[in-house]
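Since the structure is predicted, the reported quantities are computational estimates derived from the model, not experimental observations. Quick note: numbers below take in every heavy atom, side chains included, and nothing from hydrogens, waters or symmetry partners. Lettering follows sequence order; numbering is per chain, from 1.
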Amino acid sequence: MRVSSGFIPTVKETPADAVIPSHQLMIRAGMVRALAAGVYAYLPLCYRSFKKAMEIIRQEMDAIGAQELHLPALSPIELWEETGRVKAFGDILFHLKNRPLVLAPTHEEVICWLAKNHISSYKEMPQIWYQIQTKFRNEPRPRSGVLRGRQFIMKDSYSLDSTWNGLDKSYDLHAQAYKKIFARCGLNFFIVGASSGAMGGTGSQEFMMESNAGEDIIAVSADNSNAANVEVATSRVPAAPRDSESKALKEVRTPNIKTIDQLAEFLTVDHNRLAKSVVYWADETPVLVLMLGNDELNEAKLMTAMGTEVRPIEAEKLLALTGADGGSIGPVGLRERTPASAKFKIVADNRLRGANNLISGANKNDFHIMNIDLERDCTIDSYYDLRTINPGEESPNDTGPLRVVKGVELGHIFKLGTKYADALHAKFLDENGKEQPIIMGSYGIGVERIIACHIEQNHDENGIIWDKSLAPFMFHLVAVGTKSKTVIEASEQLYAAMQAAGLEVLFDDRTDVSPGFKFKDADLLGMPFQVIVGEKNLAQGKIEIKVRKTGERSFVEKESLILHLKSLIED
RNA sequence: CGGGGCGUAGCUCAGCCCGGUUAGAGCGCUUGGUUUGGGACCAAGAAGUCGCAGGUUCAAAUCCUGUCGCCCCGACCA
């Protein structure tokens, strides 16, 4: 491809609307243009990279015996009514105005329809079907360039099995394939256990990449072997100590003490003697939550523990119920002094299980109670893991200290089970002639996210730095000094020779821009190797090669250039 | 859905508060000339219903109302 006649609209200035590096660079490098919020045109350079990523995906999917197919984007809304997903997706689902059709946000229903009509025996399974297609979701807030769009390219595959063991096998095949795919794309990823959300099903894992542009917060061990969403993450932290002797309760005056730190200092005690109280509503029930020291309550964990939505109690309401303000609440005597109708629940974090000689609020402003024994002096309804982990704490499987990072979800694999087959009556006859629902799995990868994440991870102040696996072109041939006939001739010859040798080359043959302009563009576009043809080097029979990633330059004899370039690809 | 910001030339933006020449700059584009190893220079040009609709006014890019679009934060996110 020649730059002079190609469509690569680069821009010097950083576009105002783009905030994250990948978005800025994809616009500056002439890869994408936004047509509407969350809707992008993928220009030639971009699409070449997409095709690279898709080809890697295809190879690895084919390798596990998956079969590629192509499904309609339009599907009858009736199909989605049957699985209850018109309601589940809500506003995310794009509806058509003049036909009872929807734009598919994913394809479980269509796969299930196919399976229902054509899979009737256990002998016909397992099957793995996949598609690499555009999906449509009316995201309430598209953002971060192509990372969250209203239409996007997704590799989605679906497994059909006759047994639960079969599903496990199909699922594991995908997990293995995904590891290979992301590794081949040069991405650092980690795997986190995930909730299945509205997809339903019995298990799922996410493939995440660490990135500041990410929307998920993940705790990951130093060696990336252990990762979990902070909403469920745990760490190794010691429990509060239990002394052999529980001392007698004692009320102490603690004037103007508002925080745990102030309290620890005022009473000169360690944090692990302090039980912090926070009060929430779980539906209409007030819940006193005890946390050790300065441990932060994790609302998502509380929600899971309570099995319902939770929200912090209002300050006035708390005062009205207990007669004390937030800083002075505690478990001792709480139920006695609050109206029975309130039905106060008291729960505590696991770190406090059975602890004694604790200090907590006295339910009286400016007073605390010392030497509380949670077993002797109050009734804890339940203990749960409720704390938010902190960076630096030891990971639960002893694989080093945890980091807390933002992550982008690159892929997600689900064991769906029989939810869809049940709803759409996709059944088969098993070995005993008994009718059973088909057991499904579904497995997605975001193609745009592979490219955008790669750019997020591989760029500098000058532009993109492509990995060889995803680069639109392996080589960027730059003719410097296009007034010189020798340069023009030599670069044209090289271009032809490189193409003949099957090398992917972008040829900057422009005669109307300065060398500096070409160099800036070459760095911006970020092909792995720049092959620079200049008059001075040419006079000595040499061609210059610049490695984009390192900036390292070398000079190669013109005659041996093609061989040399081939060796560069091999490394 | 809550909060904030922005819509003026292809791009980045000034002008708006405080209404009043013919609406500007830089980049890009066209033509001619000079340049050519890190986003060159000179000259001459083309390019805008100031997002849209209504209102106030002798007069609106500027003030008011509505509306549409875009970005950011939050909520949400198979």
Under 3.5 Å donor-acceptor pair, A:R141 side-chain atoms to B:rC77 base atoms: no
Please work out if A:A18 contacts a base, only the sugar-phosphate, or nothing of the nucleic acid, heavy-atom cut-off 4.0 Å. nothing
Considering only the P atoms, how many Å lie between B:rC64 and B:rG5, rounded to the nearest integer? 14 Å
So does A:R143 reach the base of B:rG74 with its side chain, donor to acceptor, closer than 3.5 Å? no
Roughly, in whole Å, what's the span from CD1 in A:I218 to P in B:rC77? 15 Å
B:rC29 pairs with, by Watson-Crick or G-U criteria that keep both distances under 3.5 Å: B:rG45
Does A:E13 contact B:rG28 through a side-chain donor or acceptor facing the base, at a distance under 3.5 Å? no
Using the C1' atom on both, measure B:rA25 against B:rG33 and round to a whole Å. 25 Å
Describe the nucleic acid contact of A:I92 in one word from base, sugar-phosphate, nothing, applying a heavy-atom distance below 4.0 Å. nothing
Looking across every strand, which nucleic acid part, if any, lies under 4.0 Å from A:V480 by heavy atom: base, sugar-phosphate, or nothing? base
Side chain of A:P515 only, please: which of B:rU36, B:rC71, B:rC72 is the nearest? B:rU36
How far, in whole Å, is B:rU65 from B:rC6 if one measures between their P atoms? 15 Å
Pairing nucleotide - B:rC52, Watson-Crick or G-U, each distance under 3.5 Å: B:rG66
State whether A:F473 and A:R48 meet the cation-pi test: NZ (Lys) or CZ (Arg) under 6.0 Å from the six-membered ring centroid, and within 45° of the perpendicular axis. yes
Between A:A16 and A:N462, the residue closer to the 5' end of RNA chain B by nearest nucleotide is A:A16
So what does A:S144 touch, heavy atoms closer than 4.0 Å: a base, only the sugar-phosphate, or nothing? sugar-phosphate
Using a heavy-atom cut-off of 4.0 Å across all strands, would you classify A:R33 as base, sugar-phosphate, or nothing? nothing
Are any of A:S514's side-chain N or O atoms less than 4.0 Å away from OP1 or OP2 of B:rU36? no
Please determine whether a side-chain nitrogen or oxygen atom of A:K12 lies at a distance below 4.0 Å from atom OP1 or OP2 of B:rG39. no
Axial cation check for A:Y171 ring with A:K415, 6.0 Å and 45° limits: yes
Between C1' on B:rG39 and NZ on A:K520, what's the gap in Å once rounded to a whole number? 7 Å
Complement of B:rC18, any strand, by Watson-Crick or G-U distances under 3.5 angstrom: none
Euclidean distance for C1', B:rG7 against B:rC52 (whole angstrom): 11 Å
Taking the same atom, C1', in B:rG19 and in B:rA61, what whole-Å distance lies between them? 10 Å
I'd like the P distance from B:rU8 over to B:rC50, given in whole Å. 11 Å
With a 4.0 Å cut-off on heavy atoms, is A:K546 in touch with a base, just the backbone sugar-phosphate, or nothing at all? base
In the structure shown, which nucleotide is the Watson-Crick or G-U wobble counterpart of B:rC1, with both distances under 3.5 Å? B:rG74
Answer with base, sugar-phosphate or nothing: what part of the nucleic acid does A:Q530 contact at a heavy-atom distance below 4.0 Å? nothing
Give the rounded distance in Å between these two atoms: OH of A:Y40 and P of B:rC70. 10 Å
A:R148 side chain, from C-beta outward: closest of B:rC76, B:rC77, B:rG37: B:rC77
Strand partner of B:rG38, provided both Watson-Crick or wobble distances fall under 3.5 Å: none
Integer-rounded Å distance: B:rU30 P and A:D512 CG: 8 Å
Could you tell me whether A:R28 contacts a base, only the sugar-phosphate backbone, or nothing, with contacts defined as non-hydrogen atoms closer than 4.0 Å? base
Can you tell me the Watson-Crick or wobble partner of B:rG24, both distances under 3.5 angstrom? B:rC13
Please determine whether ring pair (Phe, Tyr, Trp, His ring centres under 6.0 Å) holds for the pair A:Y443 and A:Y158, giving the CA-CA distance in whole Å, both sets of side-chain angles, and the decisive distance to 0.1 Å. CA-CA 6 Å; A:Y443 318 88; A:Y158 305 89; 8.0 Å; no
Kindly indicate whether the side chain of A:D17 and the base of B:rG7 share any N or O donor-acceptor pair separated by less than 3.5 Å? no
Per A:D521 side chain, nearest of listed nucleotides B:rG39, B:rG37, B:rC71: B:rG39
